[in-house]
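Throughout, protein chains are lettered first and strands after them, A, B, ... in sequence-line order, and every chain is numbered starting at 1. All values below come from the heavy atoms of this structure, side chains included, with hydrogens, waters and symmetry mates left out. All values reported here derive from a predicted model rather than from experimental measurement.
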Amino acid sequence: MSGATGVREPLVDQTLAREHGLSDEEWQRILEILGRTPSYSELGIFSVMWSEHCSYKSSRVHLRNLPTRGEHVLVGPGEGAGAVAIGDGLAVIFKIESHNHPSFIEPTQGAATGVGGILRDIFSMGARPIASLDSIRFGPLDDPKHRRLLEGVVHGIGGYGNSVGVPTVGGETGFHECYRGNILVNAFNLGLAPADGIFLGQASGVGNPVIYAGSKTGRDGIHGASLLASAEFDAESDAKRPTVQVGDPFTEKCLIEACLEAMRTGVIVGIQDMGAAGLTCSSFEMASRAETGIEMDLDCVPQRAANLSPYELLLSESQERMLLVTRAGEERQVLDIFERWDLDAVVVGRVTGDGRMRVHWHGQTVVDIPVDPVAANAPLYERKQRVPADLAARQKLDLASIEPEADPQAALAVLLDSPNLGSKAWVWRQYDSLVQGNTVIGPGGDAALVRVKREDGTPTRKAVAMSVDCNPRWCWLDPRAGTIAAVAESARNVACTGARPLALTNCLNFGNPEKPEIMWELAESIRGLGEAAEALGTPVISGNVSLYNETSGRAIFPTPTIAVVGLLDDVERHAVSHFEVAGLAILLLGETREELGGSEWLQLRRGLEAGLPPSVDLAHERRLQQLLAEGVASGLVRTAHDVSNGGLAVALAECGFTGPAGVRIGARVELADGIRPDALLFGESTGRVLVATGNPDALLERARAAAVPARRIGTTGGSRLVIRHAPLTVLASGGPAASEVTSLIDAEVANLEAIWARAIPRRLEQAG
Amino acid sequence: MKALVHVTVKPDVLDPQGRAIQRGCASLGYRGVRDVRQGKLFEIELDAPDRAAAERLLLELAAKLLANPVVEDYRVVSIED
Amino acid sequence: MKALVHVTVKPDVLDPQGRAIQRGCASLGYRGVRDVRQGKLFEIELDAPDRAAAERLLLELAAKLLANPVVEDYRVVSIED
Amino acid sequence: MFAVLQFPGSNDDRDMVFAMKSVLGADARLVWHKDAELPAGTQCVLLPGGFSYGDYLRCGAMARFSPIMAAVTRFAAAGGPVLGTCNGFQVLCEAGLLPGALLRNRDLAFVCAPAHLRVERVAAPFTSRATPGQVLRIPIKHGEGRYHVTPEKLARLEAANQVVLRYCTPAGDVTDAANPNGSIGNVAAVCNAAGNVMGLMPHPEHAVEALTGSTHGRVILGSLLDFLGSRR
Ligand SMILES: Nc1ncnc2c1ncn2[C@@H]1O[C@H](COP(=O)(O)OP(=O)(O)O)[C@@H](O)[C@H]1O
Ligand SMILES: [Mg+2]
């Protein structure tokens with residue numbers, strides 16, 4: 001077959017296979033599967049299908065052990081996204097995905113196409129996308145390159161999301177030296193579908209037509225996702241750079257409407273988006289899931305560029321394209337709908353029963369390979385693992401030798417001014433967080449809360465809560481514990497609205513898995529993910545693995561981004577994360593321990609990134625989340641704010657100024673504990689939530705019954721945040737004497753807000 | 001001096017704007033419009049010792065600031081005193 | 001035929017993009033850049049019986065679609081066969 | 001009946017129908033841009049926000065050529081009330097139904113935020129429910145919302161009482177700091193000389209429920225409802 005195509009194609013041999021990223025063993029395996037040398041197009045197919053990005057060959061053996069089932073889970077990992085029933089005959093479908101490498105090369109288009117891709121994963125399953133989140137990480141902002149990357153990425157996410165009419169309701173934004181050579185852009189989307197109307201990516205029904213719909217195919221992104229995301233960056237990757245994919249949100253918006261409309265005809269059998277490795281990956285996966293084959297004619301594919309070769313047509317990653325299978329003879333209905341939306345839609349092939357992929361071009365067969373060995377039975381590796389030699393050194397921290405904080409007030413200012421803790425409003429003001437009219441809590445709260453409206457526009461009483469979280473430093477210090485903490489934090493954020501965590505999705509961003517130390521981090525992280533998901537009753541219903549996040553041999557911190565989704569039954573009863581009125585009691589749920597390892601304070605005030613991350617008690621987390629759900633439902637809890645980065649002092653300050661613009665509410669807080677004051681103020685012990693309530697006794701009683709440690713620490717009101725410390729020893733001798741109570745913090749909330757609000761803008765305004 | 005710089009999308013890169021405009025023309029009845037590509041135009045007023053220096057400066061500026069060389073081409077179209 | 005059309009913001013209309021670029025130049029050390037205005041460039045491939053007809057068509061298109069005459073000026077810069 | 005136009009790329013079309021129908025109890029319907037006529041019984045035309053045709057050339061530039069716009073122009077000429085929000089405002093300006101143009105925001109960034117608006121004109125059909133000088137809180141979300149006319153033209157619009165809303169502080173002061181996009185004269189909404197066509201950048205359809213932040217949008221949408229006298 002090779003050479004018979006009439007175009008000048010390179011000679012296919014082992015050397016070319018290596019250039020395509022295939023190992024020598026993989027090359028042998030291809031020869032065995034085919035019983036001959038592959039054609040150039042076939043080689044391209046094997047290389048993308050067996051790339052890390054498409055095959056998960058390094059991670060799959062570990063991912064297998066994750067808990068993926070649950071009472072409400074309708075679709076687990078393996079499809080475009082996972083689905084969970086939320087009652088009322090509805091399901092939420094969600095997933096998170098990375099677009100790290102393309103965004104580093106071209107931040108605006110890379111991020112934009114990342115949003116476009118995750119949206120297609122969602123609506124291809126029959127769901128209307130109703131909410132997006134983004135998790136983005138950069139190098140330090142004193143580097144002009146990273147200021148431009150941040151601006152470009154935010155512009156890309158906003159430009160695309162705003163235009164397609166899907167609100168971006170939350171996310172996270174982080175900065176660290178480890179991302180200087182490799183930024184992270186993870187995009188999450190959640191859609192809503194009828195529970196009995198979920199579409200799968202299956203090419204079933206021998207003889208059924210295979211339809212290509214959406215944008216025309218160009219030369220964009222050939223080997224983009226697959227090769228770029230499956231190799232490290234180095235000086236040479238510039239030369240190998242594929243044509244950058246440009247997002248076309250207008251076409252995507254039309255595609256969303258057309259697909260949702262077409263799905264209602266009842267003639268669609270299967271549908272999937274053309275993501276990484278384009279036409280190849282989507283057709284192989286659809287045939288593989290249905291245990292069928294596909295026969296396709298490339299001459300029918302709508303083409304944007306002249307003289308596209310079969311290799312290019314098969315591997316192009318042009319955006320905004322879908323592959324559909326309909327019932328034979330009824331395709332007209334679907335084609336008409338696409339035409340109404342001015343979108344290309346053509347029959348390009350048929351489903352066959354022989355389990356082979358046969359592709360024709362200019363009257364010749366350019367591909368003829370069995371589906372399963374390429375898709376379902378791609379190579380899997382149990383890669384070597386090794387504990388990093390410096391792990392013990394990372395984890396070493398003798399608190400006694402760390403000089404206590406001498407000026408807590410100055411420390412608070414430094415923390416609030418850091419880009420990691422400061423306001424992210426500069427980012428999210430550029431996102432339309434309101435479109436679709438369901439945003440109850442948008443960016444700025446602990447978790448976003450989105451009211452559920454049916455496709456016909458009638459509102460339900462339900463709302464969906466979601467949050468995306470990770471503390472990469474903790475994951476670097478201890479990947480397993482750090483990942484557990486990320487799951488716990490994300491679920492806790494969701495619980496702070498009053499919602500019950502349902503399920504989660506994850507994006508595992510790691511370095512080069514061929515290095516045993518990185519592989520160890522990945523395996524440990526997945527282990528922690530499984531443990532936490534199990535313990536919190538939030539199965540893993542979808543996810544994405546992004547490896548080779550390193551440049552010139554320097555890997556990013558392990559960054560398993562976790563997004564937990566929860567359900568609130570009565571949207572009118574929810575809690576917010578800021579103080580709403582003066583005169584309420586402030587309670588602290590959970591326990592503050594002397595934990596400063598891996599904290600922001602330790603890094604910003606002592607220049608240290610070391611120690612063990614704070615411990616997580618998953619049983620406590622679950623009880624705490626249950627208590628919050630009950631507290632909110634019963635109307636006792638009006639404010640609930642997770643205590644995370646920066647500790648209690650930062651959390652209290654945030655409660656005072658993150659409400660509606662111009663509303664500031666101070667607090668008087670008295671802490672009585674026997675631990676060092678800096679740990680009390682800035683330690684990041686997990687499992688803690690600040691709540692404000694009008695009925696502290698009732699809430700304390702409930703907490704006692706739920707076995708959640710709780711204590712009243714103060715009252716909301718005034719224009720100042722005042723935190724005082726009465727050491728326990730004094731209490732024991734009969735109540736604090738006035739002179740022994742020290743004032744740790746005493747500041748105007750407005751001043752704290754001003755510092756916090758300027759953290760990112762003032763750095764972006766630097767020259768250059 | 002006054003200069004004009006053109007920045008255009010590279011030929012293989014998708015230009016959704018241009019495509020949409022072409023379709024708009026067609027639906028307005030201008031069937032003769034076969035292809036449209038949208039680019040950027042910069043009118044720049046600058047001080048430079050001579051035209052050669054101006055051109056050097058403009059090319060540098062275009063590469064660094066006016067164009068995104070990953071997806072765009074640029075050229076200095078005119079320089080007038 | 002291939003044609004080029006320039007669309008520019010009218011002189012009395014604020015062009016914040018141009019200003020931002022000018023400031024960007026300054027902060028990169030290009031002090032000689034005194035003013036920048038950003039406009040649009042359209043590369044159009046069209047069928048027309050002759051250049052005069054092409055120019056008529058392009059001017060019509062520019063007035064109707066490519067430019068908003070309230071705030072923008074336009075001109076056909078070149079037509080090539 | 002309210003006809004809510006649906007262009008390819010409209011985003012807030014369904015939200016507008018929701019606001020009119022589910023919240024205010026009016027009869028509202030989506031009307032496809034390729035239709036040549038408004039449905040029989042149309043009493044008011046609403047042009048929703050979004051990115052019609054991707055806003056690829058200029059905001060609203062292509063939508064104005066949609067077949068339905070000829071019918072809207074006739075409807076407006078006959079005195080029918082027409083309201084355009086955000087992208088709809090841009091379409092109305094491009095179509096010449098309203099004076100001026102909407103340009104890229106002064107600071108070049110898209111902005112999604114609550115805005116305070118001072119009511120400058122109290123009159124049917126758009127603001128009869130308001131009081132003079134009332135401050136409304138309604139969100140904005142746009143990248144190209146800087147209203148532009150020449151200063152002379154603005155003076156004429158002001159003299160003719162065609163400026164309907166201005167961006168202001170929560171206390172109602174029209175200041176530069178309260179201007180989110182650099183609009184001339186802080187203009188957030190204008191109407192035509194006859195007063196039956198209005199465009200505004202803020203989104204009243206996203207301010208109709210306390211649950212999602214504000215109910216001030218009802219002042220505008222409710223005024224229309226009163227005008228039509230079609231409350232059920
Ligand atoms: N990139 C982003 N996109 C949208 N919202 C963001 C982004 N980054 C941060 N936010 C929002 O800013 C708020 C603060 O974020 P973060 O500091 O991560 O909160 P937390 O510590 O509670 O997880 C959250 O409401 C979050 O949704
Ligand atoms: Mg977070």
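- Between R120(A) and E252(A) a salt bridge is recorded (basic side-chain N to carboxylate O distance below 4.0 Å).
- Only the side chain of T251(A) comes within contact range of chain B, with at least one heavy atom under 4.5 Å from a heavy atom of that chain.
- Looking at V13(B), the atoms closer than 4.5 Å to chain A (heavy atoms on both sides) sit in the backbone and in the side chain alike.
- Residues R219(A) and S316(A) bring no donor and acceptor atom of their side chains to less than 3.5 Å of each other.
- Taking the six-membered ring wherever Trp is involved, the centroid distance between the rings of Y179(A) and F138(A) does not fall below 6.0 Å.
- Between I183(A) and the options R137(A), K145(A), H101(A), H146(A), a side chain to side chain contact (heavy atoms under 4.5 Å, CB included) holds for only H146(A).
- Taking K216(A), E106(A), R304(A) one by one and counting their heavy-atom pairs under 4.5 Å with chain B, the maximum is reached by R304(A).
- At a 4.5 Å heavy-atom cutoff, D15(B) makes no contact with chain A through either its backbone or its side chain.
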